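Report on the structure given below.
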Amino acid sequence: MGLEPEVISDNEEMRSWSRNQRRNGETIALVPTMGFLHQGHLSLIEEAKKHAGVVVVSIYVNPGQFAPGEDLSRYPSDFEGDLSKLREVECVNVVFHPRNLYETTTKVMEPKEAGEDALEGRKKAVSCLEEDGKKGHQTWIRVEKLEKNLCGRSRPVFFRGVATVVAKLFNIVEPDFAVFGKKDYQQWRLICRMVRDLNFPINIIGSELVRDEDGLAMSSRNVHLSPEQREKALSISRSLLKAKVDVQRGQTSATELRNAIIKSISQAGGRIDYAEVVEQENLEAVEEVCGPVVICIAAWFGNVRLIDNLEINS
Ligand code: PAF
């Protein structure tokens, strides 16, 4: 019989559970997710199990990282399906499933600077993991440089929402380890930086990106792609692989690499948000590939925005 994960929704209960485990000498790994779990998430959980005695998976669609007009309302969710997948992996001790105590649609985050009040008459900011359910957040974590480029350009509130909710999860679950997918490369780097800057006593593990057999990076958003769009979207992973081969053959110009990627994704019918060659740790754009870089891409196919990346350790 598989391990039946305990579902905890209450913050205090979650914290006491973790403290009890620690008193018993256990180490705790947290895998933060927004649910609708797929093989990519399950690989994060397997990674977590390598590092710690007990595993907590959080499932929480964080309104704080969506701006008005982004896809919060159509973010897929299937809590029962998630639970049965987690049962099957047989190593998840707790599913931490916090609920918002009020309708998230009544208050939606303003895509402006942290701390600014939402304008009257418009939907207002939602807090994440809100306790009293009424007041929203005054405190936001900004990782100032890392949040700005790549996805930060088109999603101005995204990373403050991510950093804030992850810090809250860390404070509630108090894990020794937390696992993040390198598919969300910028998110992973930003969390590493936040942990370093704010002295969280947590080891951040970056887990390798998982692809479907056809090469598409796994994402909860892939369900929104039609079969034709999915076929076209393969231009993303193909152009990344080609760029890697080009570098191995001596191409060092970031502009040439970007141009080739943009051309092949556009020809396939994708709309490029960005295609960048950046340094791996600080995500600053490079002109020449002469050390470890990561090529990061975000592109739209229909109304689905996909991201992907490939590290090149030349
Ligand atoms: O990667 C995600 O699913 C989310 O951004 C995270 C880390 C769970 C925070 O809401």
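Both ligands and their constituent atoms are indexed starting at 1 by order of listing. Residues: numbered from 1 along the sequence shown. Keep in mind that the numbers below use all heavy atoms, side chains included, and drop hydrogens, waters and symmetry copies. Keep in mind that what you see is a predicted model, and the values were worked out from it rather than measured.
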_Testing the 3.5 Å rule here: is there a donor-acceptor pair between the side chains of N313 and Q280?_
yes

*asked:* Check this for me: does any side-chain nitrogen of one of K85 and E88 sit under 4.0 Å from a carboxylate oxygen of the other?
replied: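 Looking at E88 together with K85, the answer is no, because their closest N to O distance does not fall below 4.0 Å.
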
Contacting atoms of ligand 1, where contact means under 4.0 angstrom from a heavy atom of [X]:
| X | result |
| --- | --- |
| Q65 | 4 (C), 5 (O), 9 (C), 10 (O) |
| M34 | 3 (O), 4 (C), 8 (C), 10 (O) |
| P32 | 8 (C) |
| V165 | 9 (C), 10 (O) |

_Heavy-atom neighbours of Q248 CD exceed 12 at 6.0 Å_ = yes

_For the OH atom of Y274 and the CG atom of L150, what is their distance to the nearest 0.5 Å?_
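If I round to the nearest 0.5 Å, the distance is 4.5 Å.
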
*Please confirm whether T33 comes within less than 3.5 Å of ligand 1 when only nitrogen or oxygen atoms on both sides are compared.*
no

*Is the shortest N/O to N/O distance between Y60 and ligand 1 below 3.5 Å?*
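There is no such contact.
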
*asked:* Counting C-beta onward and ignoring hydrogens, is there a side-chain heavy-atom pair between T252 and C290 closer than 4.5 Å?
replied: no

_Cluster link L30 to V162, ILVMFWY, side chain under 4.5 Å_ = yes

*So which heavy atom in the protein is nearest atom 7 (C) of ligand 1, and how far is it from that ligand atom?*
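Answer, as residue, atom name and distance: Q187 NE2, 3.5 Å.
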
